Amino acid sequence: MSDTPAHPALPWQDIDTVLLDMDGTLLDLDFDARFWKEHFPQRYVELSGLAEPEAMARLNARFEGLRGQLAWYCLDDWHRALAPDCRNELDLIALKRELAHHIRYRHGVPEFLERLGGAGKQRVLVTNAHPASVDLKFERVDLSTRLDRLFNAHEIGAAKESPRFWDRLAEQLHFDPDRTLLVDDNLVALAAAEDFGIRHLRAITLPNSRGEAMDTAPFEPLDDFLAATAVLVGR
């Protein structure tokens with residue numbers, strides 16, 4: 001018998017709306033990690049002609065300076081900032097397509113979403129990903145057909161880490177924060193949602209299948225989507 005304490009079951013009878021992050025929650029963060037940590041830096045060095053130490057210094061400064069801001073996620077801003085360095089056209093979506101075969105669901109996600117729909121839960125995607133990135137991923141997985149609504153931080157005008165995102169979401173989506181669940185791998189976004197008043201919050205422990213498990217405290221983890229929804233199908 002395991003000594004690991006069981007995590008509290010979700011009170012599905014008290015949940016009407018399920019807000020879901022995309023990258024690292026529904027989709028394996030492996031694709032994004034490969035792109036931003038390995039592929040894009042290498043291709044930027046090639047396209048810019050800069051020495052690798054100088055190129056990496058520029059990228060790292062931008063990564064750290066914009067973390068948690070909408071511009072961090074904005075491909076248009078990345079293009080404006082870095083294209084002048086490049087001798088050839090810098091097309092970030094074209095570069096992402098070079099790795100598109102790594103775009104995939106996390107375990108159990110399609111059935112998880114079907115169970116939520118079958119139980120009458122409102123399934124809402126809330127993502128910081130740039131719309132062009134969302135479109136690319138929707139080409140590779142049938143996620144759009146398994147959702148009821150989609151809200152993009154770039155269209156709302158604020159990242160999920162900001163209180164403005166949640167205020168503006170409430171203006172556009174009918175939901176009761178006290179009867180809403182948010183599942184995300186971004187602890188700062190979860191904290192902002194908690195401050196807004198969303199009652200049920202769960203964090204992904206292993207967003208990247210190639211990465212290390214993360215400490216989700218103070219938020220309870222939710223990694224096994226099928227176990228979490230077994231009660232919805234009487235299992």
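Since this is a predicted model, take the numbers as computed values, not measurements.
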* **Side chain proximity check, D30 to R104, heavy atoms < 4.5 angstrom** => yes
* Salt bridge flag under 4.0 Å for residues D223 and R106 -> yes
If you look only at distance, which donor and acceptor atoms sit under 3.5 Å apart when one is on a side chain in residues 166-174 and the other is two or more places apart or in another chain?
residue : atom : partner : partner atom : Å
W166    : NE1  : K160    : O            : 2.9
R168    : NH1  : I156    : O            : 3.2
R168    : NH1  : G157    : O            : 3.2

* Asked: Are F219 and L10 in one and the same hydrophobic cluster, where Ile, Leu, Val, Met, Phe, Trp and Tyr link if side-chain heavy atoms are under 4.5 Å apart?
  -> no
* To do: Could you list the residues that satisfy ring pair (Phe, Tyr, Trp, His ring centres under 6.0 Å) with H39, not counting sequence neighbours?
  => none
* Minimal non-hydrogen separation, H101 against R140, with atom names -> CA-NH2, 3.3 Å
* Structure fact -> Contacts of D185 meeting side chain to side chain contact (heavy atoms under 4.5 Å, CB included) (sequence neighbours excluded), chain-then-number -> D21, T25, L29, I204, P207, M214
* **Set of residues satisfying salt bridge (Lys or Arg N to Asp or Glu O under 4.0 Å) with respect to D32, sequence neighbours excluded** => K137
* Please name all residues satisfying ring pair (Phe, Tyr, Trp, His ring centres under 6.0 Å) with F40, sequence neighbours left out, ordered by chain then number. => F35, W36
* To do: Just jot down the ring pair (Phe, Tyr, Trp, His ring centres under 6.0 Å) partners of H102, sequence neighbours excluded, or say none.
  => none
* Does L75 reach the side chain of K96, with side-chain heavy atoms less than 4.5 Å apart? -> yes
* Structure fact -> The ring pair (Phe, Tyr, Trp, His ring centres under 6.0 Å) partners of F165 (sequence neighbours excluded) come to none
* Does the N186 side chain pair with the main chain of A189, one donor and one acceptor, at a distance under 3.5 Å? -> yes
* **R146 and E114, any side-chain heavy atoms less than 4.5 Å apart** => yes
* Pairs touching residues 132-152 that satisfy ring pair (Phe, Tyr, Trp, His ring centres under 6.0 Å), sequence neighbours left out -> none
* **From L92 atom CG to L136 atom CG, the distance as rounded to the nearest 0.5 Å** => 11.5 Å
* **Same cluster (ILVMFWY, side-chain, under 4.5 Å), F175 and L113** => no
* To do: Would you please say whether a donor-acceptor pair under 3.5 Å links the side chains of D28 and S209?
  => yes
* To do: Indicate if L143 and V134 have the same hydrophobic cluster label, given that clusters are the connected sets of ILVMFWY residues with side-chain heavy-atom separations under 4.5 angstrom.
  => yes
* So, are E38 and R210 salt-bridged, with charged N and O less than 4.0 Å apart? -> yes
* Asked: Crowded around E98 CD? As in, over 12 foreign heavy atoms under 6.0 Å?
  -> yes
* Those residues that, when tested against T216, pass side chain to side chain donor-acceptor pair (under 3.5 Å) (two or more places apart) -> none
* Asked: Which distance, rounded to the nearest 0.5 Å, do you find between the CZ of R123 and the CG of L147?
  -> 6.5 Å
* Asked: Which distance, rounded to the nearest 0.5 Å, do you find between the NE2 of H130 and the CG of D135?
  -> 9.5 Å
* Asked: Among pairs that include at least one residue of residues 183-216, which meet ring pair (Phe, Tyr, Trp, His ring centres under 6.0 Å), considering only residues two or more places apart or in two chains?
  -> none
* Asked: Where do L206 and A213 come nearest, in terms of heavy atoms and distance?
  -> CD1-N, 3.6 Å
* For D215 against A217, the heavy-atom pair lying closest together -> OD1-N, 3.0 Å
* Identify, with sequence neighbours excluded, every residue that meets side chain to side chain donor-acceptor pair (under 3.5 Å) alongside H107. => none
* **D178 side, atom CG; T17 side, atom OG1 - distance, nearest 0.5 Å** => 11.5 Å
* If two hydrophobic side chains count as joined below 4.5 Å and joins carry through other members, does V126 share a cluster with F112? -> no
* Treating Ile, Leu, Val, Met, Phe, Trp and Tyr as nodes and any side-chain heavy-atom pair under 4.5 angstrom as an edge, say whether L222 and Y105 lie in one connected cluster. => yes
* Asked: How many angstroms lie between NE2 in H154 and OG1 in T127, if you round to the nearest 0.5 Å?
  -> 7.5 Å
* **Pairs satisfying side chain to side chain donor-acceptor pair (under 3.5 Å), at least one member in residues 224-234, at least two apart** => R115-T229
* Would you say R164 has more than 12 foreign heavy atoms packed within less than 6.0 Å of its CZ? -> no
* Measuring from D23:CG to N208:CG, what's the distance to the nearest 0.5 Å? -> 11.0 Å
* **N/O donor-acceptor pair under 3.5 Å between W12 side chain and A228 backbone** => yes
